There are 2 protein chains.
Amino acid sequence: MPYGCGVTHPSPDASRLRPAGLATRAAIEDAARTLFAERGFDGASVRGIAAEAGVDPALVIRHFGSKEALFLRTVDTSLGIGSVLDGPLESVGRRLVAYFMDPARPVIRKRYVALAQAAQHDQVRDEMNRHTAETYVAPLAPRLSGADPELRVALAVAQLAGLLNLLFLQRDPIVAAADPDVVIATYGDAIQRLLTPPDPEEA
Amino acid sequence: MPYGCGVTHPSPDASRLRPAGLATRAAIEDAARTLFAERGFDGASVRGIAAEAGVDPALVIRHFGSKEALFLRTVDTSLGIGSVLDGPLESVGRRLVAYFMDPARPVIRKRYVALAQAAQHDQVRDEMNRHTAETYVAPLAPRLSGADPELRVALAVAQLAGLLNLLFLQRDPIVAAADPDVVIATYGDAIQRLLTPPDPEEA
DNA sequence: GAGATCCGTCAACGGTGTTGACACAGCCGC
DNA sequence: GCGGCTGTGTCAACACCGTTGACGGATCTC
């Protein structure tokens with residue numbers, strides 16, 4: 001499924017591209033990456049991205065089909081948790097929370113905000129669901145014991161998203177003022193129980 | 001703090017109102033309630049609300065100051081969980097999840113979507129935080145034992161919001177296809193553990 | 001009756017994402 | 001070499017958004 005999918009101005013085939021086109025495409029993508037990260041999906045306008053790239057706004061749409069498609073092609077829906085999941089299963093809950101609460105990761109925070117805003121659009125939402133299934137559920141569910149492993153991973157992701165929501169979107173003063181280590185321990189353990197519930201039948 | 005807080009067209013004092021003004025105000029509020037609930041915050045336009053009320057769009061802003069203020073004055077930030085919290089503390093987790101997963105409550109679903117969209121605006125966000133503190137934290141925290149009761153309630157609310165997010169905004173296919181009773185039990189218990197952790201020192 | 005205040009209308013502003021009409025440049029087959 | 005196709009770019013415009021300013025009347029108070 002190529003870029004535009006539009007009827008009006010059929011975007012050129014990805015293979016047949018001339019140097020000029022490739023250059024401006026790259027410029028637009030760079031500008032989009034920067035502005036989406038800086039200002040979020042809603043805050044970054046197509047006109048702003050075009051200006052940043054030194055290009056006509058119409059050209060952005062022509063090349064990528066829509067703002068939504070440009071976002072999908074530009075912004076990494078992953079939040080970089082791949083390595084976090086690799087470690088031991090017993091402490092993955094706390095590690096996940098600690099990863100996102102690390103103040104040394106402001107980029108993650110902004111990317112989450114941008115993703116949350118863009119998730120209102122269908123294609124982005126679908127991509128995020130696909131990404132959740134691929135990045136979280138697929139590798140984690142087989143490692144779980146007990147019933148409904150896929151569902152439990154999905155619920156754990158929802159729980160994690162709830163915290164990110166509270167921290168980065170809602171900016172709740174209670175949690176903002178709390179000791180990060182307490183949040184990591186408390187909430188991390190709560191996520192952990194969803195993944196590895198203490199089974200009385202198990203040793 | 002009255003309606004507009006604006007400089008340009010100081011909204012009339014709430015007390016000094018004439019019948020005509022009151023009537024159109026009510027018409028606008030009704031239309032706003034309807035359209036915000038039907039289409040969400042972003043989907044309902046000021047012009048659409050004005051048309052529904054049979055009124056000039058400018059009049060909406062003049063009377064309420066801004067779309068955001070109209071939303072705050074119109075939509076109930078509560079989701080009707082007051083009665084859910086009143087019951088026994090031991091099962092509040094499952095009751096909360098069951099409340100929102102009840103298919104007989106589509107209104108709640110739409111209201112949550114509208115609230116989530118409007119939460120991008122500062123005043124709505126502040127109101128939601130205030131509402132959380134007042135409706136959830138204040139009545140629930142004193143009933144908890146253990147450390148950091150306020151924080152734990154706030155985190156439980158975040159966890160609940162995570163599920164609503166997954167169900168109503170993200171519309172994750174895994175959870176959508178799952179047995180509601182399993183979700184209620186699994187996720188409800190996870191919330192429950194945040195509120196009433198099984199303390200080994202307690203009987 | 002005079003003046004302030006409320007009520008309503010209209011046109012417009014600056015912003016958004018997107019589209020259509022057009023001109024130019026480079027590659028293709030003849 | 002040359003005509004046509006196609007990629008590339010420009011410009012103005014569309015339809016929508018939230019909001020504002022200027023201006024009539026209507027209504028109330030003094």
Side-chain angles (χ1 to χ4, degrees), chain A residues 2-28 32 35-36 39-51 53-72 117-118 120-124, chain B residues 2-28 32 35-36 39-51 53-72 117-118 120-124:
Chain A
Y3 313 97
C5 311
V7 194
T8 59
H9 272 296
S11 300
D13 192 351
S15 56
R16 308 232 166 183
L17 278 182
R18 290 181 231 175
L22 279 175
T24 60
R25 275 183 100 92
I28 294 173
L35 289 189
F36 279 143
R39 312 183 189 171
F41 183 82
D42 296 334
S45 70
V46 171
R47 284 174 163 85
I49 292 171
V55 144
D56 191 274
L59 213 58
V60 175
I61 301 297
R62 181 187 288 298
H63 271 295
F64 294 92
S66 69
K67 182 185 181 181
E68 186 185 359
L70 173 62
F71 182 84
L72 271 177
Q117 290 176 352
Q120 291 196 35
H121 299 76
D122 293 357
Q123 294 176 37
V124 176
Chain B
Y3 314 97
C5 311
V7 195
T8 59
H9 274 295
S11 300
D13 192 352
S15 57
R16 308 231 166 186
L17 279 182
R18 289 182 235 178
L22 280 174
T24 61
R25 276 182 100 92
I28 294 173
L35 289 189
F36 278 143
R39 312 183 190 172
F41 182 83
D42 296 334
S45 70
V46 170
R47 284 174 161 87
I49 292 171
V55 141
D56 191 275
L59 214 57
V60 175
I61 300 297
R62 181 187 289 302
H63 271 295
F64 293 92
S66 69
K67 182 184 181 182
E68 186 185 0
L70 173 63
F71 181 84
L72 272 176
Q117 290 176 349
Q120 291 196 36
H121 298 77
D122 293 357
Q123 294 176 36
V124 176

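Predicted model only: the values in this text are computed from it and were never measured. Only this structure's heavy atoms are used, side chains among them; waters, hydrogens and symmetry mates stay out. Throughout, a chain's letter reflects where its sequence line sits, starting with A, and its residues are numbered from 1.
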Student: Tabulate protein N/O versus nucleotide N/O from nucleotides 26-28 of chain D, keeping only pairs under 3.5 Å, one per line.
Tutor:
| unit_1 | atom_1 | unit_2 | atom_2 | d |
| --- | --- | --- | --- | --- |
| D:dT27 | O4' | B:Arg18 | NH1 | 2.9 |
| D:dT27 | O2 | B:Arg18 | NH1 | 3.3 |

Student: C:dA21 C1' sits how many Å from A:Arg62 CZ, rounded?
Tutor: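 Value for this atom pair: 10 Å.
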
Student: Identify, with sequence neighbours excluded, every residue that meets side chain to side chain donor-acceptor pair (under 3.5 Å) alongside A:Asp42.
Tutor: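 By the side chain to side chain donor-acceptor pair (under 3.5 Å) rule, A:Asp42 matches B:Gln120.
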
Student: Starting from P on C:dC10, measure out to CG on B:Asp56 and report it in whole angstrom.
Tutor: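 To the nearest whole Å, that distance equals 7 Å.
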
Student: Please report the distance, rounded to the nearest Å, between CD in B:Gln123 and P in D:dG18.
Tutor: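 Going from B:Gln123 (CD) to D:dG18 (P), I get 16 Å.
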
Student: Closest to the B:Ser66 side chain: D:dT10, C:dT9, D:dT19?
Tutor: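 Of all the options, the side chain of B:Ser66 is nearest to D:dT19.
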
Student: Rounding to a whole Å, what distance do you find between A:Leu22:CG and D:dG9:P?
Tutor: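 From A:Leu22 CG to D:dG9 P: 10 Å.
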
Student: Between A:Ala118 and A:Phe71, which heavy-atom pair has the shortest distance, and what is it?
Tutor: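 Scanning both residues completely, I find the closest heavy atoms to be CB-CE2, 3.4 Å.
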
Student: Taking side chain to side chain contact (heavy atoms under 4.5 Å, CB included) as the test, write out the residues that go with B:Leu35, two or more places apart.
Tutor: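 B:Leu35 satisfies side chain to side chain contact (heavy atoms under 4.5 Å, CB included) with B:Glu38, B:Arg39, B:Ala44, B:Ile49, B:Glu52 once adjacent residues are dropped.
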
Student: Rounded to whole Å, how long is the line connecting atom CD1 of B:Ile28 with atom P of D:dT19?
Tutor: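 The distance from CD1 of B:Ile28 to P of D:dT19 comes to 13 Å, rounded to the nearest Å.
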
Student: Could you measure the distance from the NE2 atom of B:His121 to the CD atom of B:Glu68? Nearest 0.5 Å is fine.
Tutor: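 Atom-to-atom, B:His121:NE2 and B:Glu68:CD are 5.5 Å apart.
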
Student: How long is the line joining CZ of A:Phe71 and C1' of C:dG17, in whole Å?
Tutor: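 Roughly 16 Å, once rounded to whole Å.
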
Student: Please give, in whole Å, the distance from D:dG9 C1' to A:Arg25 CZ?
Tutor: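 Atom CZ in A:Arg25 sits about 14 Å away from atom C1' in D:dG9.
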
Student: Just the table, please: protein N/O against nucleotides 13-16 of chain C N/O, every pair under 3.5 Å.
Tutor:
| unit_1 | atom_1 | unit_2 | atom_2 | d |
| --- | --- | --- | --- | --- |
| C:dT16 | OP1 | A:Ser45 | OG | 3.1 |

Student: Taking side chain to side chain contact (heavy atoms under 4.5 Å, CB included) as the definition, give me every residue that meets it alongside B:Ala53, ordered by chain and number, with sequence neighbours left out.
Tutor: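 Result, side chain to side chain contact (heavy atoms under 4.5 Å, CB included) vs B:Ala53: B:Ala27, B:Ile28, B:Ala31, B:Val55.
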
Student: Round to the nearest Å and state the distance from A:Leu59 atom CG to C:dG17 atom C1'.
Tutor: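 Roughly 15 Å, once rounded to whole Å.
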
Student: Where each residue is assigned the nucleotide of DNA chain C containing its nearest heavy atom, which of A:Phe41 and B:Val55 is assigned the position nearer the 5′ end?
Tutor: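 Counting from the 5' end, the first nearest nucleotide belongs to B:Val55.
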
Student: Measure from the side chain of B:Ile61, starting at C-beta and using heavy atoms only, and say which of D:dT20, D:dG9, C:dG8 lies closest.
Tutor: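 Nearest listed nucleotide: D:dT20.
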
Student: Using Watson-Crick and G-U wobble pairs with both distances under 3.5 Å, what is the 5'-to-3' dot-bracket string of DNA chain D, with [ ] for crossing pairs and | for pairs outside the strand?
Tutor: |||||||||||||||||||||||..|||||

Student: Could you work out which one of D:dT19, C:dG8, C:dA21 sits closest to the side chain of B:His63?
Tutor: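 That would be C:dG8.
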
Student: What are the two closest non-hydrogen atoms of A:Ser66 and A:Ile61, and how far apart are they?
Tutor: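 Result for this residue pair: CA-CD1, 4.1 Å.
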
Student: Give a yes/no verdict on a cation-pi contact between A:Lys67 and A:Phe41, requiring under 6.0 Å between NZ or CZ and the six-membered ring centre and an angle within 45° of the axis.
Tutor: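 Verdict for A:Phe41: a cation-pi partner in A:Lys67.
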
